[in-house]
Amino acid sequence: MKKFENHYHEPLNYLREKDIESPTWYEIRDNLLEWYIQDFAGDSIGMDMLVEYVRKQKKIESNTFFENMVNSVLFSKLSKKEQKEVYQIAKNTFMDGLFYFEESYILNLVEKESLEKYIENNILIQDEEKLRFQNILLQSYLAACKIYEEKIEINDSLFEKWLDEDGYEYLNHQIEIFYIFSMIHLELFNQQYLKPKIEKFLAKIDTKNDFTIAQSIMDMYEIAVEFGEEYPRLFLSTEEDYCFIKFLGLDIEGDIIEHDYEPYESMLNIRYTDENGIMKIDYTKMKEDKFLMKWLDEDGTIEKLVEDYKILKRILKKMQKELDKDYCDDWEIKGLGG
């Protein structure tokens, strides 16, 4: 692993040379010491910058680079004890699913004088009546470091409270948060979270033939039986968290709902429009409905879902041999520079 002679000059010089067309990037070019804070709070260019930097500097591990930046920029005025407190605050708030939190909540963890120092140094931000970190990705990074240190298992229960408390903030950055957890400890993330999620998903699929594979996937995604106002898109409703599918670079939800309606529209209307003029299609009955099966086969839906299934199988097979490999293939994270 390459060591930095100076904690931040080398990565900052690299960032200064980058030519990125982004309003956020231009806004911070004159103050690079805050690049990751402002970018993460804006359009996540910071995450892209991190990935691109690690790609080009093969000998530099991503978590080392990021930690050097955090320690140099964010924690430069804090003692070791105070730094530990900040990691603890991030871990507690993350595990409680809190992006915004009361001052009284933090005062159960640190002294008033320390809290004032964290606010003064912009580690915690006062937002109306509440406090928060600069953004959820920085909060997640600090929390994940502490979670791994304390050997807390990375599973669904770790993220469940976000949906009850500050779901919007979490869902808006869910893939990036997963990437941060994987970036810090690839092998543990894959072993404890990603591999079990893929195995559980594949175990629910009836592999008798292409139609049963497609049917199983559509059943898991719980397709609504009627079109919504945005016809011809369908509503999907499921309590299961399938965000890991997008993390792997697949778009199963899109493959289910993006149909070629035009050649079949008149027949679909005749067969599936009820007395109130609402089109209803029961996708759970695909194997019994010859026309529905024919339509989904001819417009490529079956083929796409089968291919998704095969890709997941290949990923799992590879993961069983290489747990320390980066399997994130989400274009928003990995797509910088094409």
Ile213 and Leu305: which non-hydrogen atoms are nearest, and at how many Å? CG2-O, 4.5 Å
Distance-minimising heavy-atom pair for Val110 and Ser114: CB-CB, 4.3 Å
Between Phe244 and Phe178, does the ring centre distance come in under 6.0 Å? no
Salt-bridge test for Glu103 and Lys112: reply yes if a basic N is under 4.0 Å from a carboxylate O, no otherwise. yes
Under 3.5 Å, is there a donor-acceptor pair between the side chain of Thr273 and the main chain of Ile270? no
Tell me whether the rings of Phe201 and Tyr242 are parallel (<30°), tilted (30 to 60°) or perpendicular (>60°). perpendicular
Does the distance from a Lys or Arg side-chain N to an Asp or Glu carboxylate O, for Glu150 and Lys91, drop under 4.0 Å? yes
Are any side-chain N or O atoms of Thr301 and backbone N or O atoms of Ile256, one a donor and one an acceptor, separated by less than 3.5 Å? no
Would you check if Leu124 and Phe101 make a side-chain contact, meaning some heavy-atom pair closer than 4.5 Å? yes
Quick one: does any side-chain atom of Asn190 pair with a main-chain N or O of Lys325 as donor and acceptor, under 3.5 Å? yes
Residues in side-chain hydrogen bond (donor to acceptor under 3.5 Å, both in side chains) contact with Lys80, at least two apart in sequence or another chain: none
Here the gap from Ile180 atom CD1 to Ile175 atom CD1, rounded to the nearest 0.5 Å, amounts to 12.0 Å
Within 6.0 Å of CD in Glu129, more than 12 heavy atoms from elsewhere: no
Closest non-hydrogen atom pair between Ser216 and Asp206, with its separation: OG-N, 2.9 Å
Leu115 vs Leu107 side-chain heavy atoms within contact, under 4.5 Å: yes
Under 3.5 Å, side chain of Asp297 to main-chain N/O of Met293, donor-acceptor pair present? no
Going only through I, L, V, M, F, W and Y residues with side-chain contacts under 4.5 Å, is there a path from Ile106 to Phe133? yes
Heavy-atom closest pair, residues Arg132 and Asp127: NE-OD2, 3.0 Å
What distance separates Leu316 CG from Ile311 CD1, expressed to the nearest 0.5 Å? 14.0 Å
To the nearest 0.5 Å, atom CD of Glu258 lies from atom CD of Glu253 at 9.5 Å
Interatomic distance, Lys117 atom NZ to Ile119 atom CD1 [nearest 0.5 angstrom]: 13.5 Å
Steps toward side-chain contact (heavy atoms from CB on, under 4.5 Å) verdict (Ile245, Leu312): CA-CA 9 Å; Ile245 297 286; Leu312 285 174; 3.9 Å; yes
Is it true that Gln83 and Tyr87 share a donor-acceptor pair across their side chains at a distance under 3.5 Å? no
How about Phe247 and Tyr327: are their ring centres within less than 6.0 Å of each other? no
Hey, is the main chain of Ser79 close enough, under 3.5 Å, to the side chain of Glu82 for a donor-acceptor pair? yes
Could you check, using the six-membered ring where one of them is a Trp, whether Phe159 and Phe181 have ring centers closer than 6.0 angstrom? yes
Say whether Asn92 and Tyr105, considering side chains only, have a donor N or O and an acceptor N or O under 3.5 Å apart. no
Please tell me whether Tyr118 and Phe75 form a close aromatic pair, meaning their ring centres lie under 6.0 Å apart. no
Any Leu131 side-chain heavy atom under 4.5 Å of Ile125 side chain: no
Let me confirm one number: the CG-OG distance from Leu194 to Ser182, rounded to the nearest 0.5 Å. 8.5 Å
Qualifying salt bridge (charged side-chain N to carboxylate O under 4.0 Å, His left out) pairs, either residue in residues 302-312, two or more places apart: Glu307-Arg314
Could you walk me through whether Glu85 and Lys81 satisfy the salt bridge (charged side-chain N to carboxylate O under 4.0 Å, His left out) test, starting with their C-alpha distance in whole Å, then the side-chain angles of each, then the deciding distance to 0.1 Å, before giving a yes or no? CA-CA 6 Å; Glu85 282 187 349; Lys81 175 180 177 293; 3.1 Å; yes
Cluster question for you: counting only ILVMFWY and a side-chain heavy-atom cut-off of under 4.5 Å, with indirect links fine, are Met218 and Trp295 together? yes
Given side-chain contact (heavy atoms from CB on, under 4.5 Å), test Phe189 with Ile184 step by step and report yes or no. CA-CA 9 Å; Phe189 179 80; Ile184 295 169; over 6 Å; no
Between Met319 and Leu186, is there a shared hydrophobic cluster once you connect ILVMFWY residues whose side-chain heavy atoms come closer than 4.5 Å? no
Donor-acceptor contact below 3.5 Å, side chain His173 vs main chain Glu176: no
Filter on salt bridge (charged side-chain N to carboxylate O under 4.0 Å, His left out), then keep only pairs touching residues 179-199, sequence neighbours left out; what's left? Asp156-Lys197, Lys195-Glu199, Lys197-Glu240
State, without any angle test, whether Gln139 and Asn135 hold a side-chain donor-acceptor pair at a distance under 3.5 Å. no
Taking Asn121 for its side chain and Ile123 for its backbone only, find out whether a donor-acceptor pair lies under 3.5 Å. no
May I ask you to say whether Lys146 pairs ionically with Glu149, meaning some side-chain N is under 4.0 Å from a carboxylate O? yes
Test side-chain contact (heavy atoms from CB on, under 4.5 Å) applied to Leu158 and Tyr193, step by step: CA-CA 10 Å; Leu158 192 64; Tyr193 186 81; over 6 Å; no
Working for side-chain contact (heavy atoms from CB on, under 4.5 Å), residues Met286 and Leu296: CA-CA 9 Å; Met286 184 190 76; Leu296 295 176; 3.5 Å; yes
Taking all heavy atoms of Ala90 and all of Ala143, pick out the closest pair and write down the distance. O-CB, 3.4 Å
With ring centroids as reference points, do Phe99 and Trp162 lie under 6.0 angstrom apart? no
Does the side chain of Met95 reach to within under 4.5 Å of the side chain of Ile147, using non-hydrogen atoms? yes
Could you give the distance from NZ (Lys77) to CG (Asn122), rounded to the nearest 0.5 Å? 9.0 Å
Heavy-atom distance under 4.5 Å between the side chains of Glu298 and Tyr264, does that happen here? yes
Gln320, CD: over 12 other non-hydrogen atoms inside 6.0 angstrom: yes
Does Pro196 reach the side chain of Asn155, with side-chain heavy atoms less than 4.5 Å apart? no
Are Leu268 and Ile281 side-chain neighbours, meaning at least one heavy-atom pair lies under 4.5 Å? yes
Looking at Gln215 and Lys285, would you say the former's side chain and the latter's main chain have a donor-acceptor pair under 3.5 Å? no
Does Gly277 offer a backbone N or O that forms a donor-acceptor pair with the side chain of Asp274 under 3.5 Å? yes
Verify whether one side chain among Tyr272 and Asp289 offers a donor that lies under 3.5 Å from an acceptor in the other. yes
Tell me whether Asn209 contacts the main-chain N or O of Phe211 through its side chain, where contact means a donor paired with an acceptor under 3.5 Å. yes
